[in-house]
Amino acid sequence: MGKNTDMLIESVKDIWDGYDRHPFVTGIADGTLDKEKFKYYMIQDYLYLIDYAKVFALGVAKASDKETMRHCAGYVDQILDGEMDIHRGYMKRLGISLEEAEHTPLALDNLSYTSYMLRMAYEGGAAEVLVAILSCAVSYEFIAKHIVANNPAAADHEFYGEWIRGYVSDEYAEANKILIDLTERLTADLNDAQLEHLKQIFINCSRYEGSFWDMAWEMRG
């Protein structure tokens, strides 16, 4: 990856390892997850992605160069018209209308997580924006690839296979590589105190990711 992103990911190794053992994730991996739990997750994740796109939009405003602006704007488009396609497909299969999804209240864990990301983006610069969303983006690739490495047939599951394939796809990995490279460029000249600040953001967002899986498993509001 890169020096600084490697440092960030190493700082949350124990947290990310816990994702792989989470019953929600293992339920996707072996196909046993209750579809009602997945339905709840899909709606909350759909709502999460709307605010996630707003964080990238703030990256456009915070950027000091056109390349960063272009990439952040591209991610807004990718999320709204790309990653959300997985959610729309599943919501159709689960009988969830877009109106129903968009009028569902954010669960408290979800609201806390997105509020934190948006606050870091508003208060910081482009580097804070990138680090605030990095944990979600890269950990989903990490989870999906771990599932396939341990159970290759999981990607062909009649229901959960689409979710897994979406996050192990070459397109998703390439989008993450661009995100990582951009993070490396934006953090290259930062001092130790600034990097420590970014590391804490990354740790907090990784903890929020863990809470999101808990929230989905427990279907808590």
**Request:** For Ser169 and Gly166, indicate whether the former's side chain and the latter's backbone hold a donor-acceptor pair under 3.5 Å.
**Result:** yes
**Request:** Measure the shortest side-chain to side-chain distance between Val12 and Arg207 over non-hydrogen atoms and say whether it is less than 4.5 angstrom.
**Result:** no
**Request:** Sequence neighbours left out, what passes side chain to side chain donor-acceptor pair (under 3.5 Å) with Lys13? Give chain and number order.
**Result:** Asp17
**Message:** On a heavy-atom basis, which atom in Arg220 and which in Ser211 lie closest, and how many Å separate them?
**Reply:** NH2-O, 3.6 Å
**Prompt:** So, does Gln44 use its side chain to make a donor-acceptor pair with the main chain of Ala107 at under 3.5 Å?
**Reply:** yes
**Request:** List for me each residue that meets side chain to side chain donor-acceptor pair (under 3.5 Å) alongside Tyr113, sequence neighbours excluded, and say none if there are none.
**Result:** Tyr48, Glu209
**Prompt:** Quick one: salt bridge (charged side-chain N to carboxylate O under 4.0 Å, His left out) pairs with a partner in residues 52-63, sequence neighbours left out?
**Reply:** Asp51-Lys54
**Prompt:** Of Gln200, Met120, Met117, which meets side-chain contact (heavy atoms from CB on, under 4.5 Å) against Cys205?
**Reply:** Met117
**Asked** What's the spacing between Asp109 CG and Phe212 CZ if we round to 0.5 Å?
**Response** 8.5 Å
**Prompt:** So how far is it from Lys39 NZ to Met91 CE, rounded to the nearest 0.5 Å?
**Reply:** 11.5 Å
**Prompt:** Do you know the tightest heavy-atom contact between Ala154 and Ala29?
**Reply:** CB-O, 3.4 Å
**Nearest-0.5 Å distance, OG1 of residue Thr26 to CD1 of residue Ile143** = 11.5 Å
**Prompt:** Which pair of non-hydrogen atoms, one from Ala155 and one from Val148, has the smallest distance, and what is that distance?
**Reply:** CB-CG2, 4.3 Å
**Asked** Hey, quick one: are Leu111 and Ile43 part of the same hydrophobic cluster, counting side-chain heavy atoms closer than 4.5 Å, chains of contacts allowed?
**Response** yes
**Item:** Side-chain cluster (under 4.5 Å, hydrophobic types only) that Leu108 belongs to, other residues
**Value:** none
**Asked** Is Asp189 atom CG crowded by more than 12 heavy atoms from other residues, nucleotides or ligands, each under 6.0 Å away?
**Response** no
**Prompt:** Taking everything shown except Lys35 itself, do over 12 heavy atoms lie less than 6.0 Å from its NZ?
**Reply:** yes
**Message:** Please report the interatomic distance CG(Asn4) to CG(Leu190), rounded to the nearest 0.5 Å.
**Reply:** 7.5 Å
**Complete:** When every non-hydrogen atom of Phe142 is compared with those of Asp20, the smallest separation belongs to CE2-OD2, 3.5 Å
**Message:** To the nearest 0.5 Å, what is the distance between OG1 on Thr5 and CG on Leu182?
**Reply:** 11.5 Å
Mind listing the side-chain donor-acceptor pairs of residues 123-136 below 3.5 Å, one per line with the distance, residues two or more places apart or on another chain?
from, atom 1, to, atom 2, distance (Å)
Glu123, OE2, Arg119, NE, 3.0
Glu128, OE1, Gly125, N, 2.8
Ser135, OG, Ser206, OG, 2.9

**Request:** Would you please name every residue forming a side chain to side chain donor-acceptor pair (under 3.5 Å) with Tyr116, sequence neighbours left out?
**Result:** Asn204
**Complete:** Output for pair (Phe202 CZ, Leu195 CG), nearest 0.5 Å, gives 13.5 Å
**Asked** Quick one: ring-ring contact (aromatic ring centres under 6.0 Å, His included) partners of Phe24, sequence neighbours excluded?
**Response** Tyr41, Trp213
**Asked** Who pairs with Phe159 by ring-ring contact (aromatic ring centres under 6.0 Å, His included), at least two apart in sequence or on another chain?
**Response** Phe38, Tyr90
**Asked** So with a 6.0 Å cut-off around CG of Asp192, is the heavy-atom count from everything else above 12?
**Response** no
**Asked** Do the side chains of Trp217 and Leu33 get nearer than 4.5 Å, heavy atoms only?
**Response** yes
**Prompt:** What is the minimum heavy-atom distance between Val138 and Asn176, and which atoms define it?
**Reply:** CA-ND2, 3.8 Å
**Item:** Sequence-distant partners of Glu99, side chain to side chain contact (heavy atoms under 4.5 Å, CB included), two or more places apart
**Value:** Ser97, His103
**Request:** Kindly work out whether a path of hydrophobic side-chain contacts (I/L/V/M/F/W/Y, heavy atoms less than 4.5 Å apart) joins Val76 to Leu118.
**Result:** yes
**Complete:** Closest heavy-atom pair, Lys199 versus Leu8, reported as atoms and distance to 0.1 Å, is CA-CD2, 3.5 Å
**Asked** Tyr75: what forms a ring-ring contact (aromatic ring centres under 6.0 Å, His included) with it, not counting sequence neighbours?
**Response** Phe56
**Request:** Go through the structure and list residues passing side chain to side chain donor-acceptor pair (under 3.5 Å) with Lys177, not counting sequence neighbours.
**Result:** Asp181
**Prompt:** Should we count CZ of Arg185 as having more than 12 external heavy atoms under 6.0 Å?
**Reply:** yes
**Request:** Indicate, with yes or no, if Val60 and Ile178 share a hydrophobic cluster defined by side-chain heavy-atom contacts under 4.5 Å among Ile, Leu, Val, Met, Phe, Trp and Tyr.
**Result:** no
**Item:** Contacts of type ring-ring contact (aromatic ring centres under 6.0 Å, His included), residue His71, not counting sequence neighbours
**Value:** none
**Message:** Quick check: do Tyr140 and Trp163 have side-chain heavy atoms less than 4.5 Å from each other?
**Reply:** yes
**Message:** Quick one: does any side-chain atom of Asn150 pair with a main-chain N or O of His146 as donor and acceptor, under 3.5 Å?
**Reply:** yes
**Message:** Between Arg165 and Glu162 (salt bridge meaning N to carboxylate O under 4.0 Å), is one present in this structure?
**Reply:** no
